[in-house]
Structures are given as C-alpha cells and as structure tokens.
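A short worksheet on the structure shown next.
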Amino acid sequence: MLTLGLESSAHTFGAGIVDDGKVLANAKAMYDIGAGGMVPSKVAEFHALNAAGVIRDALDKAGITLRDLEGIGYTRGPGLGPCLQVAQLSARTLAHRLGLGVAMVNHCVAHIEIAKHASGLKDPIVLYVSGGNSQILKLAGKPFRHYRVIGETLDIGIGNMLDSLARKLCLNPAWGSTVAKTAEGGNYIELPYTVKGMDFSFTGLLTRAEELAAKMSPKDICFSVQETSFAMLCEALERALLLTNSKELCVCGGVAQSTRLRSMLTSLARENKARFGYVENEFNADNGAMVAFTAERMLLHGASTSPENCDIMQRYRAEEAAVF
Amino acid sequence: MRKLSRGAEATIYLTKIFGKEAVVKIRESKGYRVRVLDERIRYYRTRSEARTIFRAMAAGVPVPTLFGVARFSICMEKLEGVLLKDSRITPRQMRYAGAILSLLHNSNIVHGDFTPANLIAKGGKLHVIDFGLSESSNSYEDKAVDLLLMKRAVSGPLYKHFSDSYFSSSRSSKAVLARLSEIELRGRYRLRTLGPATPGKSSGNQRSQTPQRQG
Ligand SMILES: Nc1ncnc2c1ncn2[C@@H]1O[C@H](COP(=O)(O)OP(=O)(O)O)[C@@H](O)[C@H]1O
Ligand SMILES: [Mg+2]
C-alpha cells in the first residue's frame, strides 16, 4: 500500500514513502539550530516553507506521483505544537484532495516500529532515547496492544540534557553529536550517577557538569557526562532485561545514533546473552519513512481517520497509541 | 561456592560461615562502563548496602544479619523463604511491607528499589534485601519515589493496603503524599500508574512552555 508519511514534531521536516514495508524514499529538511536553542514558531515557519519541496522530493525519489498514493500518515505527537501543525495540515490537505484515509502516528511508536523491523527482533526490550524522551518500553497486550513504559527519566530527556550541556560549553552546533566529538580521548571525572530501579535522572548530572564547565576541559566534561549517563541507561536496561526475562534488546531514537552508546549496549547484550539490534542512523534521526512505515500498518488494520478529524497531541505518550 | 542467583548488578553465592548457611553477594564488573566508574559504582554500592543493613537493623527493620564486607562483596545471613514477587501476595503482606518502608523512612533511609523483587517472605514475616540503591536521605522526593516503585509493581488494590499502612505510621505522610502526586502530575507516571488509557484519548493539547525537543 503506497503510503506517504510526514514528520515535523521537532527540527526536521520529513517525508517518507513506503510500500509493503519497503522504504522507497526518505526525504528531509532540517532546521539549523546553530549555537542557540529552538524557537518553536521559527522552526514551524521553516517547516511550512519546506513542506512542499520535501514532499515533492520524496515523490520523485520513489518515482511516483501524488495520484499513486493509497494512504497518508503524519506525526500526531509528541512534539512542539506549532511544529506538529505543519505535518498535520499538509497530511490533512493532501488526504482531502486525494480522498484518502489518514493514520495519526505516535512519534515514539514510529521510531520503535522501524527499528524493530530493521533488526528483525520480535518482542524486544526497547530503549527509546531522543531529545525529550528517555524510556524503556516493552509490548503489552491489555487492554489493547501498546508499548508499556517500564522505566524512564524522572526529569529531563537525555537528548535535551546533552543539548543543554553543549550550549553551556558553547559547542557549535549545540547538540549531542558535537558532545560526542568533543568527548573523544577525554578522561573520566566523577559526576553524580542516579538510577532508581528502572528509572533514572539527569538533572543532578547536568547541574554538576555545568558547574565544572569553568574549571575543567570541555573534553573531559563531555566524556564523563556521556559515560555516566549512558551507564545509567545500561544499568536500568539490565534490570529490565532480567525482570522480564527478555533476550532481545533494541535501541532507537535520535541518541541511538551515538556509536559509544551502541557499543555499550552491544557489550551489555553480550553479557546477558541477549540479541541486540538497531536501525541505520537515517531512521534514528527524525524522519518521514518511519511515519510512513507505521502508518501503512495502521491503515491496513483499519486505524484510519478522516481528514476533518485529524488533530495533534503535544504530549502523546507511547502507551496511548495502539500498535499493530 | 554454589551460585544461587544472578541479579542485575550482583551474583549471589551460597556458602557456610561458622557452620551456618550464608550468602555472598558479589558485585560484578560490567564491561560496558569505563573502569573508574565501574569500580566506583561497585565499591560505593557495596559500602552503602552494608551501612544501610546495619542502620536498618538498628532501627528494627527485618534485614539479613551482616557477616562481613569486602571491597565489592558482602557476606550475610541466608534467609529462608520465597521472594514476594514469586508468590501470591496477600493484603497482609502489603501492610507489613508498608510498615517496613515507613520504619526505614522514619530513620531517613530510602531504599531505592523497594519492590516485591526485594522482599523475602517466610511464614507471616517479611525481610528486606538489596540495599544497593539505598541512601541516607530525608528528601520527600526520594521517599515518594520509593512508594512509586511499589505502586508500579503491584495491583491497585494491593498498593492501597501498602500505602494505607505506610501513611498511618510514616512521620512525614503529608509531605511525601504531596510530593508523590507532584511527581505523578509531571505526567511521566500518569498512565503507567492508572493503567493504560484508551487509544487516542489524552490530556491533549497543552501548550509547551519550553523550547525543547519533546519527540
Ligand atoms: N540474604 C539473602 N538470603 C537469601 N537469598 C538472598 C539473599 N540476598 C539475596 N538473595 C537472593 O538473590 C537475589 C538477588 O539479590 P539482590 O540483593 O536483590 O541483588 P540484585 O541487586 O542483583 O537484585 C534475590 O532476589 C534473592 O533471591
Ligand atoms: Mg534485587
């Protein structure tokens, strides 16, 4: 079923096209945050300006026209309101014109579904790490099939924590991948480490790291923050694996692009005799293909909404979304 | 030594000391973390677990007797009985657990992982184990998190027995209760504690105040 998926929950406007679970196109335009943060209205404006071009790009790459589409999906949430509106409006307008049903996709579920599909895992413990979210999830069946959160951050998401650190240290661009580059060859300095059962917290770590910014080298700070925060995730995950007797582990979301995190997870999986899987970076960064992939499944299972009933949900939790 | 079980951070071995059955809890090295951090965590946890067992015992909390401590390992009394998580939990046991937690909190000990996986039941009695994540703290937040972990681990009715008993004997009930609802209101625990919602229905379109990524 030729499906177009639109994503605009944060700094990326993405348009992906999927047919029968196969990705045909994954086009995107990314807002350049530079050394500053994100002003939602500015980013939304960027999305609005780029939407048509990115969609056209995706159609060209897939070698199809709008008329060929059989379904449409967009990210309903979670995300920033003004940003979410852009994909919602585009999807809605197109669906109306083409007379198609729409799938309202949960952003976290889309990340998980494409990673699970790519790694061939059946029922893994999932670590979902992105800007605002850091969660450990597992499929649950009642009262409907959904991803249940079994552990998560007690305060901020790990991505936002790394972004804040980058801003404090005046790194450019101010986000996680720059922290990773800066961390290379650093030495470990002691920082707060907070795990509670399968939950964890990052503010104590961030506050201390920011205090040290004046005295220590950015390299050592970045290295230590990464090592400490990733180790916290690993510990919580290990507890989750044991508690659920699971032998499969999967990581997804923007921070899953970190090679250091992935190598730690590889080691963790080996020590627990578990299989470990992830998807290529292109699909861990926000993208439209994951939305199209999830939307196709939803539509095939009848989870279709008419264009006039589409909406956005800024705090749409994974648990609230039915999984097919 | 015979291996008894392997937990998330430690392996438990069976041994004998002074002719009595005992267990040795050894905190294993984890290949995924850098050496300094690895040793710091294992050392710190071992030390704080031993300290807390000692303090908890003084406060009248049923814990295993401590026999000895090394850098990364603890030797303690072997408790008979079954893990609460592997048995059918009764309301009475939940009230008992609530009383135990309030006893700990009244002595400013937070457990850090107070769930049925860390309570051993025998006869009408319960013992608490696994103080690796424990801390000496009088913070309401830390205490509230202890309650939340139990809330998530058991059914609603069982939790009610637990919390009723806890709040009837805790010295800082009001403040802990307030903090508990505050943490739940932060949104992160909402669905998880109330059980899953129906698809697509939610708190909906609140305005986000901070220019941060939420996805
Ligand atoms: N004192 C003890 N007596 C009997 N069994 C114990 C004792 N301490 C631990 N165990 C067993 O070992 C398991 C793991 O111990 P625990 O202290 O909870 O370590 P972990 O931090 O790995 O969860 C427990 O679930 C329990 O079955
Ligand atoms: Mg335990």
Side-chain angles (χ1 to χ4, degrees), chain A residues 9-11 37-40 75 78-81 104 107-108 130-133 140 142-144 146 148-149 152-154 157 159-160 163 188 190 193 195-197 199 227-228 230-231 234-235 238-239 242-243 254 263-265 267-268 270-271 286 311-317 319-322, chain B residues 5-9 28-38 40-41 44-45 85 110-115 117-118 132-133 135 141-142 145-146 148-150 152-153 183 186-192 195-215:
Chain A
S9 62
H11 48 60
M38 292 206 317
V39 180
T75 302
L80 300 167
M104 302 195 287
H107 183 87
C108 322
S130 66
N133 274 312
K142 281 180 192 166
F144 54 90
H146 67 283
R148 199 166 95 87
V149 177
E152 70 184 315
T153 174
L154 291 164
N160 284 341
D163 295 352
Y188 189 77
E190 201 166 301
Y193 176 102
V195 175
K196 310 231 171 198
D199 293 337
E227 289 299 322
T228 309
F230 293 172
C234 287
E235 184 187 343
E238 189 158 19
R239 206 160 279 132
L242 280 165
L243 216 76
S263 91
M264 287 168 81
L265 293 174
S267 154
L268 172 81
R270 201 183 322 111
E271 284 174 12
D286 289 352
D311 61 4
I312 61 160
M313 269 168 70
Q314 295 194 73
R315 289 168 200 258
Y316 191 13
R317 280 188 55 101
E319 281 126 322
E320 300 172 85
Chain B
S5 81
R6 178 180 175 271
E9 50 163 348
E28 313 281 1
S29 168
K30 302 287 176 191
Y32 61 76
R33 56 195 178 203
V34 286
R35 177 102 180 263
V36 219
L37 177 60
D38 185 60
R40 184 187 124 209
I41 292 173
Y44 184 83
R45 295 256 172 95
K85 103 171 156 71
V110 292
H111 185 281
D113 195 12
F114 199 76
T115 65
N118 288 323
L133 300 179
E135 258 175 296
E141 169 100 9
D142 288 345
V145 170
D146 265 355
L148 271 175
L149 294 178
M150 183 60 88
R152 232 165 56 201
I183 301 179
R186 281 180 210 157
R188 304 197 158 79
Y189 281 92
R190 192 181 56 231
L191 287 155
R192 200 161 43 174
T198 45
K201 290 224 183 79
S202 152
S203 50
N205 305 330
Q206 291 131 311
R207 195 166 282 280
S208 148
Q209 264 114 30
T210 44
Q212 295 206 312
R213 283 192 275 149
Q214 306 228 325

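Lettering follows sequence order; numbering is per chain, from 1.
Using a 4.5 Å cut-off between heavy atoms, Tyr188(A) contacts chain B through its side chain alone, with no backbone atom that close. Looking at Leu242(A), the atoms closer than 4.5 Å to chain B (heavy atoms on both sides) all sit in the side chain, from C-beta outward. Neither the backbone nor the side chain of Arg35(B) comes within less than 4.5 Å of any heavy atom in chain A. Proximity to chain A (any heavy atom under 4.5 Å) is restricted, for Glu135(B), to the side chain, taken from C-beta onward. Neither the backbone nor the side chain of Asp146(B) comes within contact range of chain A; no heavy atom of the residue lies under 4.5 Å from a heavy atom of that chain.
The closest side-chain heavy-atom distance from Arg317(A) to Val149(A) is below 4.5 Å. Contact annotation: the side chain of Leu149(B) approaches that of Asp199(A) to within less than 4.5 Å [non-hydrogen atoms, C-beta and beyond]. Using a 4.5 Å heavy-atom cutoff, the side chains of Met313(A) and Glu320(A) are in contact.
Among Val110(B), Asp113(B), Asn118(B), Leu133(B), the residue making the largest number of heavy-atom pairs under 4.5 Å with chain A is Leu133(B). When each of Val36(B), Ile41(B), Thr115(B) is checked for heavy-atom pairs under 4.5 Å with chain A, Ile41(B) comes out on top. Between chain A and the residues Arg40(B), Lys30(B), Glu28(B), the largest count of heavy-atom pairs under 4.5 Å involves Arg40(B).
In this structure, Lys196(A) does not pair ionically with Glu141(B), as no charged nitrogen and carboxylate oxygen lie closer than 4.0 Å. Salt bridge status for Asp38(B) with Arg33(B): present, with a side-chain N to carboxylate O gap under 4.0 Å.
Classification of the Phe144(A)-His146(A) ring pair by plane angle, with boundaries at 30° and 60°, yields tilted.
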